[in-house]
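Some notes on the structure that comes next.
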Amino acid sequence: MSGKETLTPISRVLSLPNGGGVNKTYVDIIIKEEIPVLCVNRGAQRKRLMPFKVLYDNKENFWLYAGPWEYFLTGDSIDKINEKSIVKSGEWDKEKTPKPAENHEEIEELEQADEDTDDDDADGFGSDYAAFTKMTTEERVECLNKDKQRLNDLLLHRPKDGNAITEALVDTTKDAALINHATIEEAMRLGDDEAKKLTQEMVDSTNEMVKSSAHLFSEDVFNDDLMNTLVEKSNGTIVQHMTRVYLNGIAFLTYYNNLVSTSSAIQKLRISFTPKYRKFYHSLLSHLSIEDINLERVFLGGMRAITPELYFKWAVGFLIHDVGKASAVEYHEGVGSYDRQIVIDHVKQGYKSIMTKTNYPMEASLITGYHHEYYGDSAGYGYFRAYLQQYKKVNPFAKQDYVITYDLEPILDYQALAYFPAKVLEIIDVYDSLTDPNRIYRKTLSPEEAIVMMKSEFVDSHLKVDPILFDMFASFIREKEKNVKVE
């Protein structure tokens, strides 16, 4: 067959084939013409219009991988392909041609979906976000205060049914994330002093809401029901991520505190340190003799429980860590293919906005700015490495003799390589990305699959996340999953 080959579907909807790849000619046209793909998740009743190139760059033949998403070409996209597709003799492959949708009900449903793809999650923050952007600062603060009162009422009269607590945790965390994003976006247009005045009441109310939330939270609440409630109640993928990270973060800090409060856990860690962990930390502190690498070199001052004061400050940092994320940055699911600079910028924007436009504690700012450092690995990015390079230019013989600090001063004075809550957030952030049920461009991993993948790719192959904290987090996830299955 030669000359111009047109697609003659029975409908205005074509599905990407579920066997083999798409003909190379069509791939080239779709990418060059920036043709979008309609992504449909029938089970979750979600739909997204995504650039083909974004999905293709992340995983060739992405439509072949098992998962809840189906992929379609619709409407004007088909006309554009027909106009551009001149297939030379010998190149045509019917098995690699997009197929017409099979029944009229599906056709009508998908054509409607194509028209409605400017949906609830169009900007990643969901339909609720628009309401918060229209509120005054006073109205947003009033909402936060009502949320705090709701949590305090549950603290005072703990219901036997955990559903009320679960829903309250999800609702109030979601509100706080959206309110902070909306208010800080406004503050970015103001001078620093004026911005801090604008955001001060929001900061105070968020701090108080987080304290109430953390007091109400317990490990047995954090289960599949909570995550299901989160998905049902929040239609924005970014705010879902922020909410999950916050809830996972405070749950893990509670788990960590319980673990390190027992002398047996620390003793077991000391016994396993040399055979299991020392090699990793010596690679970070290579200027020291390997015999000098011990638990006290890894955790400045030794491993210790987190004080309530730090716990609440870190919890706020977990909540607002992606407050600088633009709607175009949803991991790799933005409006264009993966752009590393855009991804890096969201960390810079978040750090600068919290540091200069609010009076949030510095701990929260550093968590935001330092949670993608990856121990200096080339895959990481963040402010600390840039500041450290500047510091070394002035102090060329300075060395960092410790790996992790719980306190601000050693990280600000470059005595240590990493800040404890930022290293915790790195782990939780990666884990959430891998297990996020909303991911379109690749298969969502189960909790166990995510843990195995992270161990291989983020510890063993390239040391990015902290190995001791990672193993603690893996135990936390496995215990949580075990408890869910028992129930």
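Values reported hereafter were calculated over all heavy atoms of this structure, with side chains retained and with hydrogens, waters and symmetry mates removed. In this chain, residues are counted from 1 in sequence order.
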Those residues that, when tested against Lys455, pass salt bridge (charged side-chain N to carboxylate O under 4.0 Å, His left out) (two or more places apart): Asp460
Phe473 and Phe476: aromatic ring centres closer than 6.0 Å? yes
Sorted by first residue and then second, give each side-chain hydrogen bond (donor to acceptor under 3.5 Å, both in side chains) pair with at least one member in residues 415-427; sequence neighbours left out. Trp314-Tyr419, Lys423-Glu426
Taking Thr199 for its side chain and Met202 for its backbone only, find out whether a donor-acceptor pair lies under 3.5 Å. no
Would you say the side chains of Tyr375 and Ser283 form a donor-acceptor pair under 3.5 Å? no
For Asp204, which residues count as a salt bridge (charged side-chain N to carboxylate O under 4.0 Å, His left out) partner, sequence neighbours excluded? none
When you compare the side chains of Asp429 and His241, does any donor N or O come within less than 3.5 Å of an acceptor on the partner? yes
Not counting sequence neighbours, which residues clear side-chain contact (heavy atoms from CB on, under 4.5 Å) with Asn152? List them please. Lys148, Gln149, Leu155, Ser212
His372/His321 aromatic ring centres below 6.0 Å: no
Do Ile266 and Val260 make a side-chain contact, defined as non-hydrogen atoms from C-beta onward lying under 4.5 Å apart? yes
What pairs with Tyr246 under ring-ring contact (aromatic ring centres under 6.0 Å, His included), at least two apart in sequence or on another chain? none
Hey, does the side chain of His282 reach the backbone of Leu288 with a donor-acceptor pair shorter than 3.5 angstrom? yes
Residues at least two apart in sequence or cross-chain that pass side-chain contact (heavy atoms from CB on, under 4.5 Å) with Lys464, listed by chain then number, are Tyr374, Asp377, Ala379, Phe458, His462
With sequence neighbours left out, the residues meeting ring-ring contact (aromatic ring centres under 6.0 Å, His included) with Tyr406 are Phe420
Arg244 side chain reached by Thr435 side chain, heavy atoms, under 4.5 Å: no
Tyr281 and Asp466: side chain to side chain contact (heavy atoms under 4.5 Å, CB included), yes or no, with the steps? CA-CA 9 Å; Tyr281 294 112; Asp466 186 77; 2.9 Å; yes
Asp436 backbone acceptor or donor facing Thr444 side chain under 3.5 Å: yes
All ring-ring contact (aromatic ring centres under 6.0 Å, His included) counterparts of Phe312, not counting sequence neighbours: His215
Sorted by chain and residue number, the salt bridge (charged side-chain N to carboxylate O under 4.0 Å, His left out) partners of Lys268 (sequence neighbours excluded) come out as none
Going by heavy atoms in the side chains, are Leu169 and Ser213 under 4.5 Å from each other? yes
Pairs involving residues 272-300, ordered by first then second residue, that meet salt bridge (Lys or Arg N to Asp or Glu O under 4.0 Å) (sequence neighbours left out): Arg270-Glu296, Lys276-Asp471
Could you tell me whether Met188 atom CE has more than 12 heavy atoms of other residues or ligands within 6.0 Å of it? yes
Would you mind checking if Arg150 and Asp171 are paired as a salt bridge, meaning a charged N to carboxylate O distance below 4.0 Å? yes
Would you say NZ of Lys352 has more than 12 non-hydrogen atoms from neighbouring residues, nucleotides or ligands within 6.0 angstrom? no
With a 3.5 Å distance limit and no angle check, can you tell me whether Glu373 reaches the backbone of Tyr383 through a side-chain donor-acceptor pair? yes
By ring-ring contact (aromatic ring centres under 6.0 Å, His included), Tyr414 pairs with (sequence neighbours left out) Phe384, Tyr391
Chi angles and distances behind the side chain to side chain contact (heavy atoms under 4.5 Å, CB included) call for Tyr311, Thr254: CA-CA 9 Å; Tyr311 182 98; Thr254 301; 2.9 Å; yes
Set out, in order, the CA-CA distance, both residues' side-chain angles and the distance that settles side chain to side chain contact (heavy atoms under 4.5 Å, CB included) for Ile477 and Phe252, then state yes or no. CA-CA 9 Å; Ile477 292 296; Phe252 176 69; over 6 Å; no
Keeping the roles fixed (side chain from Thr368, backbone from Tyr351), state whether a donor-acceptor pair exists under 3.5 Å. no
Salt bridge (charged side-chain N to carboxylate O under 4.0 Å, His left out) filter on Asp401, not counting sequence neighbours, yields none
